[in-house]
Amino acid sequence: MTPSDIPTRYEPTEAEPQILERWLESGLHHPEPKGTAAENYSIAIPPPNVTGALHMGHALNGSVQDVLVRYHRALGKRTKWILGTDHAGIATQKQVEKLLESEGTTREEVGREEFVRRVWKWREQYGSTIIEQFQRLGATCDYSEERFTLDDGYAKAVAEVFVRLYEKGLIYRDNYMVNWDPGSRSAISDLEVEEKEVVDTLYSIRYPLASGNGNITVATVRPETMLGDSAIAVHPDDERYARLVGESVVLPLVGRRLKIIADHYVKPEFGTGALKITPAHDPNDFEIGRAHGLDELTVIGEDGRMTAAAGEEFAGLTALEAREAVVAALREQDLIEATEPYPHVVPHSHRSRERIEPLISLQWFMRMDELAGPAADAVRDGRVRFAPGRWGRVYLDWMDNIRPWCVSRQLWWGHQLPVWYRGEETYVGIDAPEGDGWTREDDVLDTWFSSALWPFATLGWPEETAALPAFYPTDVLSTARDIIFLWVARMIMMGLEFTGEVPFSEVYVHSVIQARDGRRMSKSLGTGIDPLEEIDRHGADAVRFGLLAMSSTQDVRYSDEKVHQGQDLANKLWNASRFVLMQASEKEVRADPTPRAVEDRWILSRLERTKALTASRIESFDFHHAALGLYDFVYGELCDWYLEWVKGRDDALPVLLHVLRETLGLAHPIIPFVTEAIWQNVPGADGLLAEATWPEAQPGRVDEAAEKAMADAIAAVQAVRAWRESVGVRTGARVPVRFDADGYGELAGAVARLGRLDLGEGGAEPVATVAVPGGAVLVLPTDAFDPNAAARRVEEVRKRLQGEVARAEGKLGNSGFVDKAPAAVVEGEREKLERLKGELAAL
RNA sequence: GGGCGGUUAGCUCAGCUGGUCAGAGCGCCUGCCUUACAAGCAGGAGGUCCCCGGUUCGAGCCCGGGACCGCCCACCA
């Protein structure tokens, strides 16, 4: 196709699929496992859930990582973007349960083995969805080596880690209070619990003293748990109860005698200052119970129903039913002293949204303190750096207060614990133990346990693969802040423990993209914006540019304007290229971009600065400015000025082509599709832009003098245009002028052309004056405008200038300023004053 | 209860270690089909930089206090 056949609009929907195909076929995303991790560049993608569909968070993070990956690939590094998906225990299990439900059956009915088979089948069918969606974004992950956290090799790594930690004594089994999620019927970790405010009823209940001399009143929002009470606690210094400590009360409805104990945990000022202790159903009571050796009576089971221990009358009821029954029974005996509405925060399951039922359960735990120390040190001493830095402090706060991690889950989908039991015996090992009678632990591991191994398990650990030394440690981990504890911290701990090295040296915590109105983007709220629809509408480049331009060091609202800016930029580049290529015609120009004019030196200088700036911004994760800086260069310098400036010149082509090629190169990491599409039409551009090198820095091309000269010339054009507008010069009319300003040289001609002026030398008396840097443009007699309007305009300008002069003089007349401000600042002010006076005089 | 962000033009946001920092995009107004682009080009209007104190020759920028919005952590029944 000849350049003039190139359509005037860039059509992403037509271009993108073809370009994507070429990239995928080229193999550019797959590096050979050679060299060392120090020479190479690698990023491990936060593995999306297999059940997932691309959301804005993925799209932003994918854009961020792809910019980094493409940039480093262009720098000539062997670059690997480790790709894969997470088996996502609960989420995936639920998905398939739903499917079974639609078939009229249940997980229990089909049985574990069949269920797991069904999940695998589901994964085969739908698991690649999100991978394809990443491709549409243009992400150059290593698609040829897709990992899955439940693959055989990966599972081996998980088992290996579990066994080693067990042998080290860091993993153990215990009967302990856990967060029971009735929704998923599994224990969950502290991190998967979220506090939500609810309004409960606070019941004040009288417990009669065993002595018969009165009562102690306690308050609770969960009266049903009283069936499991083991004691009453008061503060040791609470005089009201001092003489009662050691005595007993009679537990209403049950009749059990409860000791009155003293414990510092109790807040005397809260309620009556007496606290009922239910060790099996409240985390605090659990602690107190263990400290005092109290009985742990489980009255609510894992099914959410009252156990036999709750007594005949209540056993089998749901906890809620039991509450009503207990309250009714207490009322009957007139033991309820008061009730009041009580708003407070209570734990809910992050997954199922259901209220957590704290209970004592036999689970597997991991002690974290021993691993946390070195992992915290790695951040303290800078081996791992967070960007923005404040997240490092957040990480450290958590690490310094770390608690044991409940790692077992009562699910079917996941890594089954490598643990076998026979009677009282427990065996932990990679393979099943010898001998008969062993049964394997049913539970599976918390999904985050396997995710914690991601950076090295994906590379084949514990096998000594070639990929491991080539790409581990990785360079950057890019993620959202909500998984800093769940994932990032644990990767650092596990990485250090099992490889002796930090898994990545930088953690970039990107923005959270909110809905347009500032609410959270969420499916249930209907506030989500589908990145794929946005790509359909505006193109992948526009979405990438938009997201990067939006991103910040804080949360941001989704901005349609930024996406539009990206779309506009793509189109602008497309048309600028058209302009250049139409001149290039068949001629293949590879010649050095020899500058033949000031504007050539200027654009080469500006290009040089943009290259350096873009590189440093990418390296410092300042994607916002990298994207917008690129936009400014392309619009504000290349198109608005340079292209206009050289129109009519026939010797600018080498520079034009050079600037176009390099601009495509530096824009490519941000807007890869359109730049690749243009590249295919550029004479002398071989192969894929995605495989081309980053435009080499040419510091010698920075030209201060040319920048200054052009800045003045541009300012002059703008001054002339503004003047024309303000005095109402007839549209398009050429205005005769005498150029009375220094320092323009050859640029005066272009200023005149762009300002639609006719340069003359005649000695006629000027009828108007337009101040420009270095002097003025004197307007000669003409009928193109009304001189009165010009006079008014001059007055306005004079007033403004006089004001500025007064301000500058005031500043310089202030001895405080002159004496204390740095000499350069004072000098700058003096120069400014001179300039202003000059402009004023020129009027 | 503790901690962290934020509050700048009608809207969404930039403003580095205090001195051309009062900006961009969108929107708005005016004028243009200028042979790359009318989803374009040119010009323009628009802001007590949340409030109150303080430091300084000089403060969106630093310090103290306050208001409001958002997030994280947290075992007060």
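Protein chains get the first letters and strands the later ones, always in sequence-line order, with residue 1 at the start of each. Bear in mind the structure is a predicted one, so any value in this text is a computation, not a measurement.
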Subject >> Glu534(A)/Tyr558(A) under side chain to side chain donor-acceptor pair (under 3.5 Å): CA gap, chis, key distance, verdict >> reply: CA-CA 11 Å; Glu534(A) 289 290 281; Tyr558(A) 188 77; 2.6 Å; yes

Per atom distances to the Asn284(A) side chain, the nearest of rG43(B), rA36(B), rC75(B) is rC75(B)

Next on the checklist: Any base atoms under 4.0 Å from Val266(A), or only sugar-phosphate, or nothing? Heavy atoms, all strands.
Outcome noted: base

*asked:* Categorize Ala576(A) for me: base, sugar-phosphate, or nothing, with a 4.0 angstrom heavy-atom threshold over every strand shown.
replied: base

Taken to the nearest whole Å, OH/Tyr265(A) to C1'/rG1(B) is 13 Å

- prompt: Ser552(A) near the nucleic acid: base, sugar-phosphate alone, or nothing, with a heavy-atom cut-off under 4.0 Å?
  reply: sugar-phosphate

Could you tell me whether Tyr395(A) contacts a base, only the sugar-phosphate backbone, or nothing, with contacts defined as non-hydrogen atoms closer than 4.0 Å?
-> nothing

Side-chain contact check for Asp640(A): nearest option of rA77(B), rC37(B), rA42(B) is rA42(B)

Which part of the nucleic acid, if any, lies within contact of Gln718(A), taking any heavy atom under 4.0 Å across all strands shown: a base, the sugar-phosphate backbone alone, or nothing? sugar-phosphate

_Heavy atoms only, 4.0 Å cut-off, all strands: where does Arg9(A) land among base, sugar-phosphate and nothing?_
base

Checklist entry - If you look at every strand shown and take non-hydrogen atoms under 4.0 Å, does Tyr342(A) touch a base, only sugar-phosphate, or nothing? => result sugar-phosphate

Could you give the distance separating rG6(B) and rG66(B) at their C1' atoms, to the nearest angstrom?
16 Å

(Q) Regarding Lys647(A), tell me which of base, sugar-phosphate or nothing describes its non-hydrogen contacts under 4.0 Å with the strands shown. (A) base

Requested in this report: Would you classify Arg403(A) as touching base, sugar-phosphate or nothing, given that sugar-phosphate means primed atoms plus P, OP1 and OP2, and contacts are heavy atoms under 4.0 Å?
Outcome: sugar-phosphate

Under a 4.0 Å heavy-atom cutoff, the residues of residues 621-634 of chain A touching RNA chain B are His624(A), His625(A)

- [ ] Between rC16(B) and rC71(B), how far apart are the C1' atoms? Round to whole Å, please.
- [x] 26 Å

Which of rA74(B), rG5(B), rC41(B) is nearest the side chain of Val345(A)? It is rA74(B)

